[in-house]
Amino acid sequence: MARRRLGPEGRFLLMALPGAIFVVVFLLLPILSIIVFSFWRTESYTLIPDWNLDNYATLFGTTTYMTFLLRSFTMAVAVSLASLVYAWPVAYFIAKHGDRYRLLLILALAAPFFTGIILRVTGIQGVMGPVGVINLGLMNYGLQPIEFIMYTQTAVGIGVTYLFIPFMVTAVYLSLLNFDFELLEVAKINGAKPWRAFIEITWPLNWMGTVIGLVLVFIPSMAESITPRFLGGPNAASFGQVLGLQFGETGTWALGSAMGVLLFAVSSLVILLMWRTVNLQRSGFTGGGS
Amino acid sequence: MSEPVLELRNVTKRFGSVTAADAITLSVNQGEFFALLGPSGSGKTTMLRIIAGLEVPDEGGVFINGQDVTALPPYARGVGMVFQNFLLFPHKRVGENVVFPLRMQGASKAEQDERLKWALDLLRLDGLADRYPHQLSGGQQQRVALARGLISRPALLLLDEPLANLDRELRKEMEVEVRRYQVELDIPFIYVTHNQEEALTMSDRIAVMNHGRFEQVAPKLEVYTHPTSRFVAGFVGHSNVMTGTLAAIEGGCASLDWNGVTVAVRTPPGASVGDRVDCFVKLEKMRVVAPGGAAQGENRVPGTLRDIIFKGSTADYLVTLENGAELMISEGSETMGFQRKDPLEVVWSAEAGACFPAGGA
Ligand SMILES: Nc1ncnc2c1ncn2[C@@H]1O[C@H](COP(=O)(O)OP(=O)(O)OP(=O)(O)O)[C@@H](O)[C@H]1O
Ligand SMILES: [Mg+2]
């Protein structure tokens, strides 16, 4: 009996299958179900397939929900920008001067991940809190403790930035690994001062990596619920936190689903807008013909 | 005589235990095509990087048009540079790549446009201004790199093996082109290569480098015909090397005992009888003739023809001598009808040989 051999299509399918299954099971199905649930309603902790738009009416009609959304959005923007400013020099330094310690340095940046999110957040508390390291230190030298940090938006911002900055560093670092630093020498010989060479050459050629980093920080920051719970005061509740409540205490899953859909929509929009700033030619991406 | 455009005074650069530039002193004049020729790792690129300001010398000074630029950063030196791997900015179109130096100088838009047109014309790049570098062929990319190096009227242009990545045909063509630009612009080109043909074809003067030092700096013909060191004699051109002992010296003439064959040579400076010397004779400075045939030269050594390597316009004759040694002689390919194993004689003049104290063991 002749063994049947796979044609090119067959082999292609076989290779594409695992990825496709992953996307369908872990991405498309959950999103689809959430979209469906968001048009249902909940009654005493049970979802009832009774198609309506009430959840969205509640969401858009209640100022507090919109406040939470706006707060989280602003927070995510601020956090993305802060990590951008912080991560670039770090990534640049590692890529340029890290030599054979590069990998180690990147791993060191990711080290806090090893401890899990709760420990990381409470760790921050230990540093910045009313009786945290910083304030203890200040008081030790007879100085006023900083009171405004803990349990404020600022505290949440710092915490979330700290949480997701490794994404940004890694994205920019990977981009810089593919960057030909010799181009900077060329720019300098051709009359560009260092900052000018950065703007003309380094920045545009690493813009795609930077965008990826921004998105990787923005999306989870926007949805963050744990950091605000620990570090934010009563006035710093985030959209993600309130979303979590719908699936927990209040048990209003349909409304929670609608919030999830809204979050997903906002995030997708942001990704889309960011991606539109990437011009493959202008990023020095040379794979794509004319 | 006018001031040299470029002057290096006693420039030294070390990388750890490697001395990449060893007390280099040099001046290059207006309109000169100067080639830096040397094997890999001899310090050619380092020399260019020092001139460009990408590397700061440990000792010595760099002067451009009489001004000490040793401490100036690259962007303040007004020097153009072209690289082996082109190094075009991949995210900029050809036009943007080429005007980049002018933009950095803050030239007016009108001037940029005018110069861009000039540069694209000069390098025959018309119609390509809107392409991206990856949409160009290697030769076109190299011409864009040249245009970028030339557009801002640099005081001098540095070229680091600019043709090494091109195929042979294109390289031959570009050699002529590059020389043409240089003549047209009348600025000095400092051209790094490890390809001696390239250096001999294009340049006015050649510096032969080895281990961070200049072995010889001279007009190209002189480097070719009168090498002043053993290294240069071996590196430039193709030579037969005869190693032997000096048997007798009579003024400018000496006789060399080369494995039992006595060879007339020019007396190497400072040599005395009994010294071991290497005598280099270029392949084309020797003749092959039938035994007793007519030819000029003090040296006439019998041998047998082992093989003929046909090269087109020339042919290399491999001749085995009676002492077992083998000589290679380059002759016009249309001459004589020798067959393998034919007895013949190799003839050359004492003048053609360059002798140096024997190197190595
Ligand atoms: N940045 C550096 N760090 C350490 N050593 C270096 C550095 N740059 C050059 N060298 C050393 O200096 C010597 C000269 O190098 P250079 O690049 O100038 O040679 P080259 O003549 O251009 O060679 P090639 O023909 O291979 O390009 C080499 O031994 C090289 O290893
Ligand atoms: Mg080199």
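Just so it is clear, the values below take in all heavy atoms, side chains as well, and ignore hydrogens, waters and symmetry mates. In what follows, chains carry the letters A, B, and so on, assigned in the order in which the sequence lines appear, proteins first and then strands, with residues in each chain numbered from 1.
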Evaluate the side-chain proximity of [Y] to [X]: yes if any heavy-atom separation is below 4.5 Å, no if none is.
| X | Y | value |
| --- | --- | --- |
| R196(A) | R103(B) | yes |
| E200(A) | K92(B) | yes |
| I189(A) | R77(B) | no |
| V186(A) | F89(B) | yes |
| M81(B) | E185(A) | no |

Can you tell me if [atom1] on [X] sees more than 12 non-hydrogen neighbours from other groups inside 6.0 Å?
| X | atom1 | value |
| --- | --- | --- |
| F181(A) | CZ | yes |
| R153(B) | CZ | no |
| F63(B) | CZ | yes |
| F12(A) | CZ | no |
| Y86(A) | OH | no |
| F264(A) | CZ | no |

Quiz item: How long is the gap from NZ on K188(A) to OH on Y75(B), to the nearest 0.5 Å?
Solution: 8.5 Å

Quiz prompt | Pairwise distance CG(L87(B)) to CG(N190(A)) - rounded to 0.5 angstrom | solution = 10.5 Å

Self-check item: chain A contact via L88(B) - side chain, backbone, both or neither, heavy atoms under 4.5 Å
Solution: backbone

Self-check item: R148(B) versus chain A, the contacting section by heavy-atom distance below 4.5 Å
Solution: both

Self-check item: Which atoms of A197(A) approach chain B - backbone, side chain, both or neither, heavy atom under 4.5 Å
Solution: neither

Quiz prompt | Residue pair M104(B) / A192(A): nearest heavy atoms and the distance that separates them | solution = SD-CB, 3.6 Å

